[in-house]
Each structure stands twice: as structure tokens, then as C-alpha cells.
Amino acid sequence: MEIVPVTTIGKLIEAFQDNDREKFLIYADFVAQRYEKAGMTHSAKIIRSRIDGSYKNQPKVVLD
């Protein structure tokens, strides 16, 4: 099952290399939407928390 087309990943890389934050965020949001549509809401939540920076406020897991 293809969740994210390879062309989208290519566009993410292109936006990163071009330092185009707006374009990068649009494609990253598209990826999150595809995960949600596939029923993988936890994966989409991880992506969205990285996009908006809220992951920095979440507790960290530490393994001994």
C-alpha cells in the first residue's frame, strides 16, 4: 500500500534544498493527510507535532 507517492518525497527534498519553508510545510501537511486517510492517525499526529513544534513540549522517554 502506497501512502505517500515518491514524487511527494522528492518535492519535500526539493523544498528543503531550496530553503522554501512554505512549500516544505505544504508537502509535509499533505503527507500527514495521507496518513490520516489511511487510518494511521498516530503517524499523522507525529508528523503534525513536528510541523508545529509541539513535540518539544511533550515528555521524553528515557530508557535505562
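Computation of the quantities below employed the complete heavy-atom set of this structure, encompassing side-chain atoms and omitting hydrogens, waters and symmetry-equivalent molecules. The shown structure was predicted, so the numbers you read here are calculated from the model rather than taken from an experiment.
The heavy-atom pair separating A32 from A44 by the smallest distance is O-CB, 3.4 Å.
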Name every donor-acceptor pair, under 3.5 Å, that has one atom in a side chain of residues 3-13 and the other anywhere in the protein, sequence neighbours excluded.
none

Give the table of side-chain donor-acceptor pairs shorter than 3.5 Å for residues 16-28, with sequence neighbours excluded, one pair per line with atom names and distance.
unit_1: D20; atom_1: OD1; unit_2: E22; atom_2: N; d: 3.4
unit_1: D20; atom_1: OD1; unit_2: K23; atom_2: N; d: 3.1
unit_1: K23; atom_1: NZ; unit_2: E14; atom_2: OE2; d: 2.8

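Counting only residues at least two apart or in different chains, salt bridge (charged side-chain N to carboxylate O under 4.0 Å, His left out) contacts with residues 38-47 are absent. A side-chain hydrogen bond (donor to acceptor under 3.5 Å, both in side chains) check over residues 30-44, counting only residues at least two apart or in different chains, returns the pairs D29-Q33, E36-R48.
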